[in-house]
Amino acid sequence: MTSSLTVRANEGVAFEDGPDHGRILVFGRETEGRYGLMELTLAPRLAHVGDAPLKLGPHRHDHIEETFLVQSGRLRFLLGEAVFDLNAGDFVRVPPGVRHGLANTGDAPVRLLVSFVPGGFEELFLTYRSDQEPPPPPNGFIEAARRDFASEFEDD
């Protein structure tokens, strides 16, 4: 890293989340909690579910605003009760308390920039990363998000 203000294409803190992967670009701890930013790549649909029905993972965060900028690929997005597709260049802002979810519906990876305001939620992607030994507990991410970030998750 050239400085704490610059993150090159091969830098950031990488993580894996099953077939998905990403890198944290800015931690909330670096911005006095103001925001966190990560790049997330969602694997093609078949890497996730095979022939199973598509799951959007509906959830909400009482105190976090999230934004999503699609950099490449096609993404199915849930916002409130609406479900729609996003393409490269499309942007969604999810205010605190708003139900949302997402899934890659295509055959190619989807790459997004995801921000969290205030920051801190991005830390869960490192704490519960799937590329560590021993592996994290199966529901650890969800339990920590509920406990530490007033998040609610639905079964879909």
Side-chain angles (χ1 to χ4, degrees), residues 1-78 86 92 94 96 99-156:
M1 192 176 289
T2 305
S3 78
S4 62
L5 302 178
T6 303
V7 181
R8 302 287 181 179
N10 62 344
E11 297 176 335
V13 179
F15 64 89
E16 289 182 15
D17 183 17
D20 304 328
H21 66 276
R23 65 188 177 121
I24 308 299
L25 303 172
V26 180
F27 286 94
R29 56 182 138 101
E30 298 171 316
T31 66
E32 298 178 0
R34 288 187 293 277
Y35 72 97
L37 181 68
M38 72 179 189
E39 182 179 70
L40 180 62
T41 301
L42 300 177
R45 181 182 192 283
L46 294 178
H48 283 278
V49 295
D51 293 329
L54 181 67
K55 294 186 177 194
L56 296 172
H59 63 282
R60 66 177 47 88
H61 314 287
D62 287 349
H63 307 293
I64 298 171
E65 179 168 301
E66 280 185 89
T67 65
F68 299 85
L69 173 64
V70 179
Q71 295 178 301
S72 64
R74 184 176 179 88
L75 182 71
R76 174 92 18 103
F77 205 90
L78 166 72
L86 300 171
V92 175
V94 181
R99 177 178 185 252
H100 60 286
L102 58 138
N104 182 348
T105 59
D107 299 330
V110 172
R111 204 172 92 221
L112 333 152
L113 276 179
V114 182
S115 73
F116 306 100
V117 177
F121 194 81
E122 70 284 348
E123 298 275 0
L124 295 181
F125 289 87
L126 294 182
T127 301
Y128 297 98
R129 61 195 295 161
S130 63
D131 58 338
Q132 63 180 314
E133 286 297 328
N139 288 328
F141 184 102
I142 291 174
E143 290 171 8
R146 284 181 173 141
R147 178 187 65 238
D148 301 337
F149 295 97
S151 300
E152 297 176 31
F153 296 82
E154 301 173 23
D155 295 328
D156 56 345

Would a 4.5 Å heavy-atom cut-off, applied to side chains only, mark [X] and [Y] as touching?
X	Y	answer
Val13	Phe27	yes
His61	Ser151	yes
Glu152	Arg99	no
Leu112	Leu86	no

Starting at [atom1] of [X], measure out to [atom2] of [Y] and round the result to the nearest 0.5 Å.
X	Y	atom1	atom2	result
Leu40	Asp17	CG	CG	7.5 Å
Leu69	Glu39	CG	CD	10.5 Å
Leu75	Thr105	CG	OG1	7.5 Å
Glu154	Leu78	CD	CG	7.5 Å
Leu126	Ile24	CG	CD1	5.0 Å
Ile64	Tyr35	CD1	OH	16.0 Å

Sidechain-backbone polar pair: Arg23 side chain, Glu11 backbone, donor-acceptor under 3.5 Å: yes
Heavy-atom donor-acceptor pair, Arg129 side chain to Ala14 backbone, under 3.5 Å: yes
Which atoms form the tightest heavy-atom contact between [X] and [Y], and what is the distance?
X	Y	answer
Gly18	Ser130	N-OG, 2.8 Å
Phe77	His100	CE2-CB, 4.1 Å
Ala43	Pro19	CB-O, 3.4 Å
Leu25	Val7	O-CG2, 3.4 Å

Could you pull out every donor-acceptor pair under 3.5 Å between side chains of residues 113-125 and any protein atom, sequence neighbours left out?
from   : atom 1 : to     : atom 2 : distance (Å)
Ser115 : OG     : Thr67  : OG1    : 2.3
Glu122 : OE1    : Gly120 : N      : 2.8
Glu122 : OE2    : Gly28  : N      : 2.6
Glu122 : OE2    : Gly120 : N      : 3.2
Glu123 : OE1    : Arg29  : NH2    : 3.3
Glu123 : OE2    : Arg29  : NE     : 2.5
Glu123 : OE2    : Arg29  : NH2    : 3.3

